[in-house]
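Contents: one structure, followed by commentary.
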There are 2 protein chains.
Amino acid sequence: MVDSTGLEQMVCFQLYAASRAMTAAYRPALDAHGLTYPQYLALRVLWHRGPTTVRDLGHHLDLDSGTLSPLLKRLETAGHVRRERGTADERTVVVHPTESGTRLRDDLGDLPRRIACATDLTDDEFRRLHHLLSRLRGTT
Amino acid sequence: MVDSTGLEQMVCFQLYAASRAMTAAYRPALDAHGLTYPQYLALRVLWHRGPTTVRDLGHHLDLDSGTLSPLLKRLETAGHVRRERGTADERTVVVHPTESGTRLRDDLGDLPRRIACATDLTDDEFRRLHHLLSRLRGTT
DNA sequence: CAGATACCGGTTGTGCGCAACTAAATTGGG
DNA sequence: CCCAATTTAGTTGCGCACAACCGGTATCTG
């Protein structure tokens, strides 16, 4: 399980660097709308699922309330999101996309595809990368 | 270039999540020595290259002085690193690993291998991941 | 040589990530 | 039914990342 070329070290650093490079690739388009990449990820969940509790957002994004609470507060201040206490369970907070938040989908919905096209990875390479990263996530 | 299954979005998020999961995997071992993952990366460069300017550290880690300066100051406070002005070019600052910093290599030098073994990726999968991430980095 | 330009490291300000903790609400067991 | 344990969101504190900017140094040009 893993040879002795120091590849493990390389892969860990590559993940760290690639992740930052990817969010940097998103930055210009997102900046134009005053969004950050994590905020964009949260909006994508809301576009896909509609009103969602903070808890479920956390499960989808692998983030806890310590990260999400201030992030959602900023999205709310920007007018893209509305928060209200759950009625059945008053511990929960349901996050609703607003008109403004929903409209962002028109401009930013296909951003991942545009970013991917700027890459010169082939279709097949993308699929293999997806598969390998899935295997990685399954075990760490 | 990239199909329409939404794979691009998945891969971007996977990189973001995998990077965080990887640093989380390093955390217990690094915590035991009071280090963070970026600090560990900086130390690895110093172990490999010896005394290095802030500028070169930045090139190796893809980080700017805004990130490195405070990080190195903390490493210096912890006693793992010493900083001194370059003699030839007084703009530069050369970062030297101290005895303490060098000794960390005994405990943490093979950490990437230990982390990689906790994964159940095969040798070959690791190589393919390395290759795909290299291709990604080349273009973004 | 002198002034403009570029380079190097540092500082400031903002927004994550994450650990540790808190307050309020819910749930479960006796 | 009541109290302990759990769940949920929020807050605080710290360390990155990164943009924007600064002061000091070196280099390039005329």
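Protein chains get the first letters and strands the later ones, always in sequence-line order, with residue 1 at the start of each.
- Residues satisfying the salt bridge (Lys or Arg N to Asp or Glu O under 4.0 Å) test with A:R105, not counting sequence neighbours, are none.
- Here A:V93 pairs with A:V54, A:R83, A:R85 under the side-chain contact (heavy atoms from CB on, under 4.5 Å) rule; sequence neighbours left out.
- The cationic atom of B:R20 (NZ for Lys, CZ for Arg) lies less than 6.0 Å from the six-membered ring centre of B:Y16 and within 45° of the ring axis.
- Looking at residues two or more places apart in sequence or on another chain, you find no salt bridge (Lys or Arg N to Asp or Glu O under 4.0 Å) involving A:D31.
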Which parts of nucleotides 2-11 of chain D does protein reach within less than 4.0 Å, heavy atoms only, written one letter per nucleotide 5' to 3' as B for base, S for sugar-phosphate only and - for none? -----BSBBB
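- Of the residues in residues 38-49 of chain B, those placing a heavy atom less than 4.0 Å from an atom of DNA chain D are B:P38, B:Q39, in numerical order.
- Taking B:H48 as the reference, nothing meets the side chain to side chain donor-acceptor pair (under 3.5 Å) condition, with sequence neighbours excluded.
- If you measure from atom CG of A:L71 to atom P of D:dA17, you get 17 Å, rounded to the nearest angstrom.
- Among residues two or more places apart in sequence or in another chain, the side chain to side chain donor-acceptor pair (under 3.5 Å) test is passed with A:R114 by A:D110.
- For DNA chain C, the span of nucleotides reached by chain A at under 4.0 Å from its heavy atoms goes, 5' to 3', from C:dG15 to C:dT26.
- Side-chain nitrogen and oxygen atoms of A:Y16 include at least one within less than 4.0 Å of the OP1 or OP2 phosphate oxygen of D:dA17.
- Scanning for side chain to side chain donor-acceptor pair (under 3.5 Å) contacts around A:Y40 gives A:R44, with sequence neighbours left out.
- Between the side chains of A:S100 and A:H80, at least one donor N or O sits under 3.5 Å from an acceptor N or O.
- The distance from atom CE of A:M22 to atom P of D:dC18 is 14 Å, rounded to the nearest whole Å.
- When rounded to the nearest whole Å, the span between CG of A:L15 and P of D:dA17 equals 14 Å.
- For the pair B:E76 and B:R82, the salt-bridge criterion is not met [side-chain N within less than 4.0 Å of a carboxylate O].
- Under the rule for a side chain to side chain donor-acceptor pair (under 3.5 Å), the partners of A:H33 that lie at least two apart in sequence or sit in another chain are A:D107.
- Of the residues in residues 28-35 of chain B, none lies under 4.0 Å from DNA chain C by heavy-atom distance.
- Taking for each of B:R20 and A:E90 the nucleotide of DNA chain C with the nearest heavy atom, the 5'-most of the two is the partner of B:R20.
- Legend: salt bridge (Lys or Arg N to Asp or Glu O under 4.0 Å) pairs involving residues 89-103 of chain B, not counting sequence neighbours, sorted by first then second residue: B:D89-B:R91, B:E99-B:R103.
- Looking at every heavy atom in both residues, B:I115 comes nearest to B:A25 through CD1-O, 3.4 Å.
- Within the 4.5 Å cutoff, the side chain of B:T52 has heavy atoms near those of the B:R49 side chain.
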